[in-house]
Amino acid sequence: MTVKQQAQLVLNLATPAILAQLTTTMMQYIDASMVGSLGAEASAAIGLIETTTWLLGSICSACAAGFYVQVSHQLGATDNATARNTLRQGIISVLITSTLLGLLALCISPFLPAWLGGNNHINGTASAYFAIIALALPAFQFSMFASGMLRSSGNMIVPSIMSVVMMALDVVFNFFLIFPTRTLTILNTEFIMPGAGLGVIGAGIGTVSAELVAALISMYLLCFRSKVLSLRLDKGRFRPTAKVVKKALHIGLPMGLQQAVMCSAYVMTTIIIAPLGTIAIAANSFGIIVESLCYMPGYGVSDAATTLVGQSLGAGRKELMKRFAWISVGLGMIIMCIMGIVMYAGSPLALTMMTPDGEVQKLGVEILRIEAFAEPMFGASIICYGVFVGAAQTLTPSIMNLASMWGVRITLAALLAPSMGLRGVWMAMCIELCFRGIIFLIKLKCWKIR
């Protein structure tokens with residue numbers, strides 16, 4: 001393959017993955033906008049426990065990766081039967097993991113908001129929202145698992161379509177669950193729209209309901225309609241074997257530990273922000289959602305890089321694997337640079353659409369414009385990490401992420417927050433993301449392919 005053909009293949013795989021990531025982020029954006037219309041306290045209730053929900057999701061993601069990276073290698077080596085057996089064993093393994101994790105999260109839900117420094121005005125609502133997420137954790141797990149498996153087989157289209165379906169369902173469910181029965185005027189005609197009026201609780205129920213439908217459809221398409229992974233093609237065992245689980249742990253455990261410690265750092269950031277007040281919590285929550293519209297394309301390119309690197313390694317084509325890695329990183333950094341410019345210019349409009357509160361809007365715009373300068377290097381770190389995941393080399397990159405997050409971001413945030421408030425926290429974030437991008441580029445440059 002020529003360099004041009006390789007770049008085209010990366011782009012072809014990355015485009016639907018980028019669209020999938022963007023639609024997922026749009027779902028969060030729509031959720032936040034609907035809840036934002038209820039006031040700053042409603043937004044702060046979700047924002048308070050948001051980083052902890054990331055922790056749950058990241059552990060589920062690492063568990064799924066332990067199996068779909070194996071499948072990527074096996075498909076690259078044209079060992080399709082073994083790939084299907086890995087899929088079968090992965091189904092049982094992720095079901096057990098997500099169920100136990102969900103039960104643990106449910107047990108701590110009454111106490112979590114207080115642990116995070118929330119006040120009595122938002123703690124009850126935040127606790128109920130987190131309990132809903134905990135109960136639906138297996139659905140989130142299988143949605144990630146099915147998407148990862150399909151991407152590993154080179155199918156980027158179905159996960160992208162399912163992301164759109166999930167977003168559409170989320171909008172519909174939220175429309176009827178968040179708001180009370182009301183009258184809407186469309187083209188001078190009044191319509192009575194029924195509604196449950198559940199507020200933040202309705203947003204949680206709507207989100208998990210959409211995720212459940214998407215997970216069921218995705219698993220059906222994976223297990224019965226996939227050309228190479230359909231379980232109808234042969235018979236195999238679902239009971240996990242020591243060999244497959246051991247390899248899954250080798251891939252997923254460093255990722256899971258990294259994500260757990262990374263998300264605990266996000267939780268620590270929330271603890272640093274919580275004393276700054278409801279306005280700061282709400283602005284931080286909205287800022288994170290708007291920023292994710294910019295960095296999600298980077299995760300789309302990372303997904304493509306994981307697939308191409310994994311299959312190239314499975315086929316024994318190591319030089320091709322490294323070329324795919326650099327092409328993916330270059331493409332991702334260009335896209336993230338463009339998105340950073342868009343975020344800097346468009347942040348006032350984005351915040352206006354998400355909340356009517358003027359103070360939250362003003363603070364949100366300021367922190368987003370600080371973060372815009374870090375987007376290209378953030379993209380470099382995201383995609384480099386995806387490259388190493390595809391190569392099943394996750395330990396050292398995980399340590400790098402942890403050292404950067406705890407050694408740079410949390411330390412600087414704790415130092416700057418008392419004097420600069422939320423702006424200081426986001427300044428620390430900007431500096432840390434630039435540092436992380438640099439060390440990942442150095443790691444990729446010095447990478448010795450075994």
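Minimum heavy-atom separation, Arg436 to Phe378: NH1-CE1, 4.3 Å. Of all heavy-atom pairs spanning Glu371 and Met429, the tightest one is OE2-SD, 3.3 Å. Taking both residues in full, the closest heavy atoms of Phe145 and Gly90 are given as CZ-C, 3.7 Å, listed atom of the first, atom of the second, then distance. Counting all heavy atoms, side chain and backbone alike, Gly66 lies closest to Ile251 at O-CD1, 3.9 Å. Between Gln141 and Cys63, the shortest heavy-atom contact is OE1-CB, 3.9 Å. The heavy-atom pair separating Thr53 from Phe130 by the smallest distance is CG2-CD1, 3.8 Å.
For Asp234, the CG atom sits in a packed shell: over 12 heavy atoms of surrounding residues, nucleotides or ligands are nearer than 6.0 Å. Residue Arg239 places its CZ atom among 12 or fewer non-hydrogen atoms of other residues, nucleotides or ligands, all under 6.0 Å distant.
Using bins of under 30°, 30° to 60° and over 60° for the plane-to-plane angle, the ring pair Phe111/Trp115 lands in the parallel bin.
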Are Val244 and Asn85 close enough, and set up right, to give a side-chain contact (heavy atoms from CB on, under 4.5 Å), and what steps lead you there? CA-CA 9 Å; Val244 170; Asn85 277 329; over 6 Å; no
Take Phe388 and Leu395 through the side-chain contact (heavy atoms from CB on, under 4.5 Å) test and state the conclusion after the steps. CA-CA 9 Å; Phe388 296 125; Leu395 180 58; over 6 Å; no
Report the C-alpha distance between Ser143 and Glu211 in whole Å, list the side-chain angles of each, state the deciding distance to 0.1 Å, and finish with yes or no for side-chain hydrogen bond (donor to acceptor under 3.5 Å, both in side chains). CA-CA 7 Å; Ser143 181; Glu211 190 79 42; 2.8 Å; yes
Open item on the list: Evaluate Phe324 against Val387 for side-chain contact (heavy atoms from CB on, under 4.5 Å), listing each step before the verdict.
Closed with: CA-CA 9 Å; Phe324 274 135; Val387 167; over 6 Å; no
**Message:** Walk me through whether Phe67 and Leu87 qualify under side-chain contact (heavy atoms from CB on, under 4.5 Å).
**Reply:** CA-CA 7 Å; Phe67 294 95; Leu87 167 61; over 6 Å; no
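Atom OH of Tyr385 is separated from atom CD1 of Ile382 by 12.0 Å, given to the nearest 0.5 angstrom. Atom SG of residue Cys294 and atom CE of residue Met336 lie 7.5 Å apart, to the nearest 0.5 angstrom. Of the inter-residue distances, the one linking Leu150 atom CG with Leu229 atom CG reads 7.5 Å to the nearest 0.5 angstrom. To the nearest 0.5 Å, atoms OG (Ser404) and CD1 (Ile399) are separated by 13.5 Å. Rounding to the nearest 0.5 Å gives a distance of 6.5 Å between CG of Leu103 and SG of Cys107. For the atom pair CZ (Arg88) and NZ (Lys235), the distance works out to 10.0 Å, reported to the nearest 0.5 Å.
Side chain of Arg409 to backbone of Ala428: no donor-acceptor contact under 3.5 angstrom is found. For Ser163 (side chain) and Pro159 (main-chain N/O), a donor-acceptor pair under 3.5 Å exists by modelled atom type. In this structure, the side chain of Ser72 does not engage the main chain of Tyr68 through any donor-acceptor pair within 3.5 Å. Formation of a donor-acceptor pair under 3.5 Å by the Ser218 side chain with backbone atoms of Ala146 is not found in this model. Panel note: side chain Ser152, backbone Val71; no donor-acceptor pair is recorded below 3.5 Å.
With a 4.5 Å cut-off on side-chain heavy atoms, Gln311 and His73 do not count as touching. Residues Ser230 and Arg225 form no side-chain contact, since every pair of their non-hydrogen atoms from C-beta on lies 4.5 Å or further apart. A 4.5 Å side-chain heavy-atom check between Thr278 and Ile122 finds every atom pair outside the cut-off. Side-chain contact between Leu363 and Leu422: present, with at least one pair of heavy atoms (C-beta onward) separated by less than 4.5 Å. Residues Val94 and Met144 are not in side-chain contact: their nearest non-hydrogen atoms beyond the backbone lie 4.5 Å or more apart. With a 4.5 Å cut-off on side-chain heavy atoms, Ile205 and Asn174 do not count as touching. Asp303 places none of its side-chain heavy atoms less than 4.5 Å from the side chain of Ser147. When side chains are defined from C-beta on, Phe173 does not count as touching Ile178, because their heavy atoms never get closer than 4.5 Å.
Between the side chains of Gln74 and Thr82, no donor N or O sits under 3.5 Å from an acceptor N or O. Thr241 and Gln89 are linked by a side-chain donor-acceptor pair at a separation below 3.5 angstrom, with hydrogens and angles left out of the test. Side-chain N/O atoms of Thr86 and Gln70 include no donor and acceptor closer than 3.5 Å.
A salt bridge does not link Arg84 to Asp79: none of the charged side-chain nitrogens sits closer than 4.0 Å to a carboxylate oxygen.
Just one residue in the list Leu135, Leu137, Leu101 forms a side-chain contact (heavy atoms from CB on, under 4.5 Å) with Leu106, and that residue is Leu135.
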